[in-house]
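Just so it is clear, the values below take in all heavy atoms, side chains as well, and ignore hydrogens, waters and symmetry mates. In each ligand, atom 1 is the first atom listed, and ligand 1 is the first ligand listed.
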Amino acid sequence: MTRLLEEDMHGVGEKLARYDQQLQRMTGSGLAGIAAYSVDRQPEDFLPLRDKLTIGVVPVSSGQGIITGFSQTVQQIIGFLGFSAFVTKQKDVGGLAEAVSNGAQVIFLADDDCFAAFHLAGGKVVDNGEATGRGYAAALALMAGGLEGKRTLVLGAGPVGAGAASFLLQQGANVSVYDIDSIKTERLRQLMPAVKAVNELDRALAACRLVIEATPAADTIKKKYLVPDMRIAAPGIPVGINEQCQQLISGRFIHDVLEIGVASMLYAVLSDEC
Ligand code: PYL
């Protein structure tokens, strides 16, 4: 998993309203609608929970340490969805104690290896990787007007790609997965036998118009594949499509650093309550 940088956080909170409108234009749904769709709910299903729940975000200093702005950005995304959220003043265990003492029913925290949401009363845990994959696959499904029987390609067979593949299969899509490490592709195929493992990226990209780019590689998808009906949802960090290509596919390309993932985590950890 690529570690986010402080500069990745710059402006995310301030731009949420504009990003939400961009998502609305591309998919017909905003952040809440995409996240709700990723857990098979409607955004209005979560409205009654907004006044009942408080969300705590705890900075974690282990490993490479705290990313300045990370917890605050997570809190802003949750707040944008209408929930009350706070970042604890203390970090690590002290922060966890502070969150619980201040009435948080749901807690978000991340070390270098895992970013998760915990619903204390429900005993539910949601991992950012799987939730992000499902959220981006939901965005792709909405962008495509449904996926039943349609060929889709997932680049990257890690936790995000696996979460996306799982959602795409549930939507009735014809799912192919490619990873530069064929062992990871084979492992995913054993988990989801309905997935087709592909080992030639060029041929796979030439045959698909609906793509999830979930690799940690930059510039994965070259300009020649960006045909007029190509749609790409790209959770991968760094983004797998260079700036020039992003301009070419504008309006049919979704990427962010935390927004869809955090929104999908929240709705996934709350989905049993609605
Ligand atoms: C969750 C992000 C998405 C992509 N990479 C993941 C990452 O950067 N993980 C590390 C997060 C560290 C957070 C730090 C803090 O500020 O609490 N422990």
Inset, instruction - Would you please indicate yes or no on a ring centroid separation below 6.0 angstrom for Y19 and F80? - result: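 Between F80 and Y19, the centre distance exceeds or equals 6.0 Å.
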Inset, instruction - Kindly say whether the aromatic ring centers of F167 and Y37 come within a distance under 6.0 Å. - result: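 Distance test on ring centres: under 6.0 Å, yes.
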Can you find a pair of side-chain heavy atoms, one from [X] and one from [Y], that are under 4.5 Å apart?
X    : Y    : answer
E130 : P159 : no
Y136 : D256 : yes
L155 : L205 : yes

Inset, instruction - State whether the number of non-hydrogen atoms from other residues, nucleotides or ligands found under 6.0 Å of K91 atom NZ is greater than 12. - result: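 No, not enclosed.
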Inset, instruction - On the 0 to 90° scale, with breaks at 30° and 60°, tag the F46-Y267 ring pair as parallel, tilted or perpendicular. - result: parallel
Is [X] close to ligand 1, meaning an N/O of one under 3.5 Å from an N/O of the other?
X    : value
S71  : no
L258 : no
V257 : no

Legend entry - Any G261 heavy atom less than 4.0 Å to ligand 1: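 In this structure, G261 fails to qualify as a contact of ligand 1 - no heavy atom is under 4.0 Å.
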Inset, instruction - Determine, using the 4.5 Å side-chain heavy-atom cutoff (strictly less than), whether L140 and L142 are members of one ILVMFWY cluster. - result: yes
Inset, instruction - Could you please spell out the steps behind the side chain to side chain contact (heavy atoms under 4.5 Å, CB included) verdict for L4 and L258? - result: CA-CA 9 Å; L4 291 173; L258 277 174; 3.8 Å; yes
Inset, instruction - Report the member of V60, L4, D111, D8 with the shortest heavy-atom distance to atom 11 (C) of ligand 1. - result: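 Ranked by closest heavy atom to atom 11 (C) of ligand 1, first place is D111.
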Inset, instruction - Determine, considering heavy atoms only, which of D127, I67, V74 sits nearest to atom 16 (O) of ligand 1. - result: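 Looking at heavy atoms only, the winner is I67.
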Give the atom numbers and elements of ligand 1 that come within less than 4.0 Å of a heavy atom of [X].
X   : answer
P59 : 17 (O)
R3  : 8 (O), 12 (C)
G65 : 14 (C), 18 (N)

Distance from [atom] to nearest protein heavy atom, with residue and atom:
atom                    : answer
atom 13 (C) of ligand 1 : A110 O, 3.6 Å
atom 5 (N) of ligand 1  : T2 O, 2.6 Å
atom 1 (C) of ligand 1  : F115 CD2, 3.5 Å
atom 6 (C) of ligand 1  : M1 SD, 3.5 Å

